[in-house]
Amino acid sequence: MNPGYLTIFVVCTTVILLASGWKDVLLGEISRKAIFIFLSGWLFFSMFTVPFSLHMMRIQLNLTFLFLFVYCLVYLASLHHVVARMQMLLVALIICLIDFILQQAATLPLGTNVLLLSLVTICLQKGPKKQIFSLLLGLLCGNVLSIVTLHRTQPILLANQRLQDMWWLALLMTRALSILFKYILSSCKKAYMEWIKQ
């Protein structure tokens with residue numbers, strides 16, 4: 001599948017689920033207004049790319065990168081405790097490094113990479129907001145880190161379609177697996193309590 005089409009498919013699937021009443025299950029306490037602003041901003045800024053040069057490197061900056069980075073800064077600023085901010089940054093850094101290693105290996109298919117990133121995110125973060133932030137900042141930093149290893153004469157695209165495909169698919173998979181694990185844990189707990197009562 002060509003880069004970009006997976007993003008369109010996942011976004012359409014997510015919008016259908018949200019419109020069908022799955023908002024509280026998938027995204028918890030995140031308001032519909034915030035979801036609308038995020039989707040609108042991502043769609044609008046993804047249409048623009050700004051070329052520039054930096055230290056002999058030709059860079060094409062998709063404005064989605066700036067939009068998502070500003071989103072991360074706003075979310076960090078909304079956290080009141082320094083410890084909470086440091087914890088969020090640490091998890092994002094771990095995801096960044098794992099993404100970078102997977103990119104350099106280049107032996108695993110996209111689905112496997114996304115599954116690994118989703119499982120790491122679920123293990124380290126709980127709740128939709130934290131998971132979204134960790135995946136977003138981690139993949140953005142991984143995108144920047146990966147371009148450092150490229151040849152300086154090779155054109156570089158920040159926030160390319162691969163990044164967007166990975167992020168949307170990882171987000172959907174992370175939330176789906178989180179809900180599944182939560183249901184399994186709840187069922188096991190309920191079965192254990194019934195067994196104790198017998």
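Everything numeric here is computed off the predicted structure, so don't read it as measured data. When a residue number appears, it is its place in the shown sequence, counting from 1.
For the pair S78 (side chain) and Y75 (backbone), a donor-acceptor distance under 3.5 Å is present. Within the 3.5 Å criterion, the main-chain N or O of L43 finds a donor-acceptor partner in the side chain of S46.
Residues M166 and L39 are members of one and the same hydrophobic cluster, defined by side-chain heavy-atom contacts under 4.5 angstrom among Ile, Leu, Val, Met, Phe, Trp and Tyr. Both L140 and L124 are part of a single hydrophobic cluster, where members link through side-chain heavy atoms under 4.5 Å apart. Both L172 and I179 are members of a single hydrophobic cluster when ILVMFWY side chains are connected at heavy-atom separations under 4.5 Å. No chain of hydrophobic side-chain contacts below 4.5 Å, direct or via other Ile, Leu, Val, Met, Phe, Trp or Tyr residues, connects V70 to L61. Residues L102 and L119 share a single hydrophobic cluster, defined by chaining ILVMFWY side chains whose heavy atoms lie under 4.5 Å apart.
Expressed to the nearest 0.5 Å, how far CZ of R85 lies from NE2 of H80 amounts to 8.5 Å. We find the OG1-CG distance between T174 and L135 to be 4.5 Å, quoted to the nearest 0.5 Å. From L68, atom CG reaches atom CD1 of I132 across 11.5 Å, with rounding to the nearest 0.5 Å. Rounding to the nearest 0.5 angstrom, the gap separating the OG atom in S40 from the CD1 atom in I35 is 11.5 Å. Here the CD atom belonging to Q164 is positioned 11.0 Å from the CG atom belonging to L139, to the nearest 0.5 angstrom. Rounding to the nearest 0.5 Å gives a distance of 9.5 Å between CD1 of I95 and CG of D99.
No side-chain heavy atom of V50 sits under 4.5 Å from any side-chain heavy atom of L66. Side-chain contact between F65 and F45 is absent, with no heavy atoms from C-beta onward closer than 4.5 Å. Here the side chains of L136 and L171 are not in contact, with every heavy-atom distance at 4.5 Å or above. In this structure, the side chains of W42 and W167 stay at 4.5 Å or more apart for every pair of heavy atoms.
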Please report the C-alpha distance between L185 and K189 in whole Å, then the side-chain angles of each, then the deciding distance to 0.1 Å, and finally whether the side chain to side chain contact (heavy atoms under 4.5 Å, CB included) criterion is met.
CA-CA 6 Å; L185 183 62; K189 184 178 179 181; 5.6 Å; no
Can L115 and L177 be said to form a side chain to side chain contact (heavy atoms under 4.5 Å, CB included), step by step?
CA-CA 10 Å; L115 178 60; L177 290 176; 3.9 Å; yes
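At a cut-off of 3.5 Å, with distance as the only test, a side-chain donor of Q125 or S134 sits close to an acceptor on the other residue. There is a side-chain donor-acceptor pair under 3.5 Å between S178 and Q131.
Of all the heavy atoms in A170 and S118, the pair that sits closest is O-OG, 3.3 Å.
The list of salt bridge (charged side-chain N to carboxylate O under 4.0 Å, His left out) pairs with a residue in residues 103-127, not counting sequence neighbours, is empty.
Residue-environment remark: CZ (F67) exceeds the threshold of 12 foreign heavy atoms within 6.0 Å.
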